[in-house]
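These numbers come from a predicted model, not from an experiment. For the numbers below, each heavy atom of this structure counts, side chains included, while hydrogens, waters and symmetry mates do not. Each chain gets a letter, A, B and so on, in the order the sequences are listed, and its residues count up from 1.
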Amino acid sequence: MTLPERPARYWLMKSEPDECSIDDALAAPGATVPWTGVRNYQARNFMRDEMRIGDGVLFYHSGCPEPGIAGIARVASGVRADPAQFDPASHYYDPKATPDKPRWLLLDVQAIRKTRLVRLAELRAHPALAEMRVLQRGNRLSITPVQEQEWAAILRDCLGGKAAGQSN
DNA sequence: GCCAACGTTGGC
DNA sequence: GCCAACGTTGGC
């Protein structure tokens with residue numbers, strides 16, 4: 001018996017390009033990277049409870065001179081423990097986490113293609129994106145849901161309407 | 001470097 | 001459970 005089907009959902013995932021840029025992801029084996037370092041419960045819960053293999057991902061560069069959407073990707077695995085939480089040398093070490101009781105999870109993200117940089121100002125100026133979660137005041141979540149119509153508007157109006165989000 | 005905004009921690 | 005203090009995020 002397989003998991004129940006559901007329509008694909010869409011997400012925006014922030015990455016600091018100094019740590020993992022869209023180019024880094026595309027250069028990885030299988031263009032796939034483990035999304036390490038999520039240390040926020042709400043974002044973790046999205047990965048654990050709502051994200052499914054095949055969901056579309058807007059690959060967003062943050063904490064850099066030109067923040068914005070830099071590529072398209074897809075969710076490529078379910079969750080597992082993020083090994084960085086157990087590594088005292090890691091920036092993402094969490095002394096309260098143990099292999100028996102991991103706190104933090106990751107999943108694999110597969111880059112599909114690099115896009116032109118769709119800058120934050122451009123996203124903010126688009127009427128169809130007025131309610132986009134990542135653009136809301138004070139938002140700091142590194143993973144946010146994207147509505148289907150927002151995804152469609154970005155692909156159509158910002159990325160030239162080429163098909164994306166499918167690996168075949 | 002600044003600062004707004006939010007999440008987490010921990011004393012009570 | 002409250003809430004002040006502190007830490008982090010992330011754009012600018």
Side-chain angles (χ1 to χ4, degrees), chain A residues 9-28 33-51 55-76 78-147 149-151 153-155 157-159:
Chain A
R9 290 185 193 162
Y10 304 95
W11 307 91
L12 181 144
M13 301 178 78
K14 296 179 187 172
S15 182
E16 298 192 9
D18 283 353
E19 291 200 9
C20 182
S21 68
I22 185 69
D23 289 324
D24 295 333
L26 283 165
V33 289
W35 205 262
T36 186
V38 170
R39 294 294 180 271
N40 170 284
Y41 290 104
Q42 206 175 342
R44 181 202 68 182
N45 293 349
F46 280 144
M47 291 195 290
R48 186 189 62 196
D49 301 335
E50 304 203 36
M51 297 172 79
D55 282 359
V57 172
L58 299 170
F59 196 113
Y60 182 94
H61 285 175
S62 72
C64 58
E66 291 194 301
I69 294 167
I72 301 290
R74 63 190 283 275
V75 175
V79 289
R80 61 184 180 274
D82 181 349
Q85 71 194 302
F86 310 127
D87 176 5
S90 170
H91 177 64
Y92 297 115
Y93 177 61
D94 183 342
K96 295 182 181 170
T98 67
D100 279 351
K101 288 194 96 180
R103 274 193 178 189
W104 305 112
L105 304 172
L106 58 71
L107 47 66
D108 291 327
V109 172
Q110 180 177 34
I112 294 172
R113 67 181 173 101
K114 189 175 183 174
T115 64
R116 79 173 178 87
L117 184 69
V118 184
R119 290 179 179 76
L120 192 52
E122 183 176 353
L123 296 172
R124 290 195 188 286
H126 196 306
L129 306 180
E131 315 229 317
M132 198 174 173
R133 180 84 169 262
V134 75
L135 303 181
Q136 299 310 302
R137 179 181 185 79
N139 169 76
R140 292 188 320 174
L141 268 184
S142 64
I143 300 175
T144 49
V146 174
Q147 300 304 310
Q149 62 271 22
E150 295 166 346
W151 173 272
I154 290 167
L155 264 58
D157 301 339
C158 305
L159 300 176

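For the pair A:E150 and A:V134, the minimum side-chain heavy-atom distance is 4.5 Å or more.
Per the geometry, OH belonging to A:Y92 stands 15 Å off C1' belonging to C:dG7, to the nearest Å. Remark: P of C:dT8 and CG of A:N139 are 18 Å apart, rounded to the nearest angstrom. Rounded to whole Å, the distance from CG on A:L141 to C1' on C:dG10 is 13 Å. In this structure, A:D18 places its CG atom 14 Å from P of C:dT9, rounding to the nearest Å. In this structure, CG of A:L120 is placed 10 Å from C1' of C:dG10, rounded to the nearest angstrom. Rounded to a whole Å, the CZ atom of A:R133 is 17 Å from the C1' atom of C:dG10. Taking atom CG of residue A:D94 and atom P of nucleotide B:dT8, one finds them 12 Å apart after rounding to whole Å. With rounding to whole Å, A:N45 atom CG is found 10 Å from B:dT8 atom P.
Between A:D82 and A:R44 there is no salt bridge, since no side-chain N of the basic residue sits under 4.0 Å from a carboxylate O of the acidic one.
Along DNA chain B, the nucleotide closest to A:R140 and the one closest to A:R103 are compared, and the more 5′ of them pairs with A:R140. Position along DNA chain B of the nearest nucleotide to A:K96 versus A:Q42 favours A:Q42 as the more 5'-ward residue.
Distance alone, capped at 3.5 Å, places no donor-acceptor pair between the A:R74 side chain and the A:I112 backbone. At least one donor-acceptor pair closer than 3.5 Å links the side chain of A:K14 to the backbone N or O of A:L141.
Residue A:Y60 places at least one side-chain N or O closer than 4.0 Å to OP1 or OP2 of C:dG11. Distances shown here put every side-chain N or O of A:K14 at or beyond 4.0 Å from the OP1 or OP2 atom of C:dT9.
Between the side chain of A:R39 and the base of C:dT8 there is no donor-acceptor pair of N/O atoms closer than 3.5 Å.
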